[in-house]
Amino acid sequence: MQAEGLALHTDKYQINMIYAHWLNGTHLRKTVFEAYFRKLPFGNGYAVFAGLERIVNYIRGLRFTEKDLNYLAEQEENYKPEFLDLLKDFHFTGTILSMKEGALCFPNEPLVRVEGTIMETQLVETALLNFMNFQTLIATKASRVKRVAENDVLLEFGTRRAQEADAAIWGARAAYIAGFDATSNLLAGEIFDIPTKGTHAHSWVQIFDSEQEAFEIYAKAMPDQVSLLVDTFDTLKSGIPHAIMTAKKLEAAGKRMNSIRLDSGDLAYLSIQARKMLDEAGLPYVKIVASNDLDENTIFNLKAQGAKIDIWGVGTQLITAADQPALGGVYKLVEREKNGRMEPTIKISGNPEKVTTPGKKDVLRIVSKGSGKAIADYVCFPHEEQARTDGKLRLFDPVHPYIKKSVKDYEAIPMLQPIFEEGKLVYELPTLHQIRQYHQEQLNLLWPEYLRKLNPEIYRISLSQEAWELKQKMIEEYVGQQEE
Ligand SMILES: Nc1ncnc2c1ncn2[C@@H]1O[C@H](COP(=O)(O)OP(=O)(O)OP(=O)(O)O)[C@@H](O)[C@H]1O
Ligand SMILES: O=P(O)(O)OC[C@H]1O[C@H](OP(=O)(O)OP(=O)(O)O)[C@H](O)[C@@H]1O
Ligand SMILES: O=C(O)c1cccnc1
């Protein structure tokens, strides 16, 4: 997928600010930004971090082409030619730390930390959030589907309903990270080495004079992968009897039919009837695929009704994250250089939840050595060494500071990994297989109460005492200035 030629994949205000900084002589001031979200999507208890691979490729290929520069000159007559010369030589020289793809992540903790000159940290904001927000959203939605489908097979069918090609391709990858088994999108399969699967459409049946003829021709063409869509005319009276006849013919040729697919009607009732008919016909090995606007709620319901569905095809609801189509991840300045020294900075808001936490921070996942389960995440400054060692840690929730807890005998796992150091890539991108495995390990760290679909327990994100005190001090300073 496109990695180069994305320098202009940014909001114009970023270039305007960089230009104004350059005129002002401040474009090389050092900064630290953090990307995070404030609210979990879908009422879920966790999110699944994704988007890093695309962010890495974007940063590596970040150059302004001659065409880009000509376009900028045309777009904004204020931009001086010397400024465009500066952009011509631009490449990213900053430092990035990030959670790994597949990590479970939570509100108000940094997922990506970007350190560099204001020129480069500001430039990358838009694309970084674009990649992180979409892919994390879809991976989280897919994870919810996976929680209810458990060990059933999950197929990603969303491309035709996705918000254009990139969403389909990266969405298919995000779904696979969170536990889907295959995608119908061959390009996603080719690019990312995701297994691909496919049945056939209603048009295949409609184009022939009879359903039986359609099934037999298809079975002849794909004898080892026969999956027949049985709802074009009448599922119970026509589709399934014809599929059974086809399966018998396949048996005579020494082959086994793979599955039938139900795509309309009452999927619980029809799957139960279909299972009975297939079993009675001596075809217990033929699996039942279901599709039709499925999501985690319909799948959960269908399972509760005793539906006999082995394989779920999930498209529109997953790829568009239909019940919450955006993750509100933000990118906030937490430190700036002043007089040659880095100092924390805060953004005050009338809404207390939107007040930023000043200073550059790390995230430690505090895991009990006794249970092997995560207790909370601890957000602290990089110099706070004591938290990383096996001492005693006082946890409290910054939003509800009266919720306090002391922990000991724990392991503190650093969640932010160095990705770029002064412009140099220092991270080896894992394979998708490794990302899936890491995601599974991450799930295993959490008690099931945090993972349930409905009203999950809230996993606590604790701020270090020092970070909390700095925040309070800066809020008070601001309030003091207002009162003067
Ligand atoms: N037993 C069931 N319990 C709950 N939801 C179901 C059940 N069976 C099907 N559904 C879901 O109900 C919705 C039915 O939608 P709709 O009425 O559009 O489908 P349909 O009857 O198959 O019609 P169409 O042929 O237009 O697709 C789908 O989202 C489907 O997944
Ligand atoms: O319902 P979704 O979760 O989005 O899954 C994908 C849908 O796409 C296909 O329908 P479509 O009507 O586009 O084509 P068809 O003629 O092959 O059924 C398929 O039959 C599914 O119903
Ligand atoms: O293979 C299928 O059955 C399929 C693929 C995409 C969309 N709907 C169904």
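Just follow the structure's listing: the first ligand is 1, and inside any ligand the first atom is 1. Both backbone and side-chain heavy atoms feed into the values below; hydrogens, waters and symmetry mates do not.
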Counting non-hydrogen protein atoms only, what is the nearest one to atom 30 (C) of ligand 1? Give residue, atom name and distance. Asn292 O, 3.4 Å

Considering only the protein, which heavy-atom contact is closest to atom 3 (O) of ligand 3, and what is its distance? Thr199 OG1, 2.4 Å

Main chain of Lys361, side chain of Arg113: is a donor-acceptor contact present, judged purely on distance under 3.5 Å? yes

What I'd like to find out is whether the side chain of Leu318 reaches to under 4.5 Å of the side chain of Ile138, using heavy atoms alone. yes

Measuring from non-hydrogen atoms of Asn301 to any atom of ligand 1, is the shortest distance under 4.0 Å? no

Candidate with minimal heavy-atom separation from atom 5 (N) of ligand 1, of Asp231, Leu267, Asn297, Thr298: Thr298

Could you tell me whether Asp323 and Lys141 make a salt bridge, using a distance below 4.0 angstrom between a side-chain N and a carboxylate O? yes

Can you confirm, on distance only, whether ligand 1 has an N/O atom lying under 3.5 Å from any N/O atom belonging to Gly265? yes

Heavy atom of the protein closest to atom 6 (C) of ligand 1 (residue, atom name, distance): Leu302 CD2, 4.4 Å

Looking only at distance, does Leu229 have an N or O less than 3.5 Å from an N or O of ligand 2? no

Looking at non-hydrogen atoms alone, which of His202, His200, Glu156 comes nearest to atom 16 (O) of ligand 2? His202

Can you check whether Asp266 has an N/O within less than 3.5 Å of an N/O in ligand 1? yes

Would you say ligand 3 has an N or O under 3.5 Å from any N or O of Lys197? no

Check the pair Thr232 / Glu211 against side-chain hydrogen bond (donor to acceptor under 3.5 Å, both in side chains), numbers first and verdict last. CA-CA 8 Å; Thr232 306; Glu211 195 175 46; 4.7 Å; no

4.0 Å heavy-atom contact, Arg261 with ligand 2: yes

Based purely on interatomic distance, does Ser184 place a nitrogen or oxygen under 3.5 Å from a nitrogen or oxygen of ligand 3? no

Taking atom 23 (O) of ligand 1 as the reference point, the nearest protein heavy atom with its distance: Ser264 CB, 4.5 Å

Would you mind checking which non-hydrogen protein atom is closest to atom 22 (O) of ligand 2, with the distance to 0.1 Å? Asp263 OD1, 2.7 Å

Please list, in number order, the atoms of ligand 1 under 4.0 Å from a heavy atom of Leu294. 31 (O)

Closest non-hydrogen protein atom to atom 7 (C) of ligand 2, residue and atom name please, with distance? Arg161 NH1, 3.8 Å

Tell me, please: is Arg160 in heavy-atom contact with ligand 2, that is, under 4.0 Å? yes

How far is atom 4 (C) of ligand 1 from its nearest protein heavy atom, and which residue and atom name does that atom have? Gln305 NE2, 3.8 Å

Identify whether NZ of Lys or CZ of Arg in Lys332 sits under 6.0 Å from the centre of the six-membered ring of Tyr36 and within 45° of that ring's axis. no

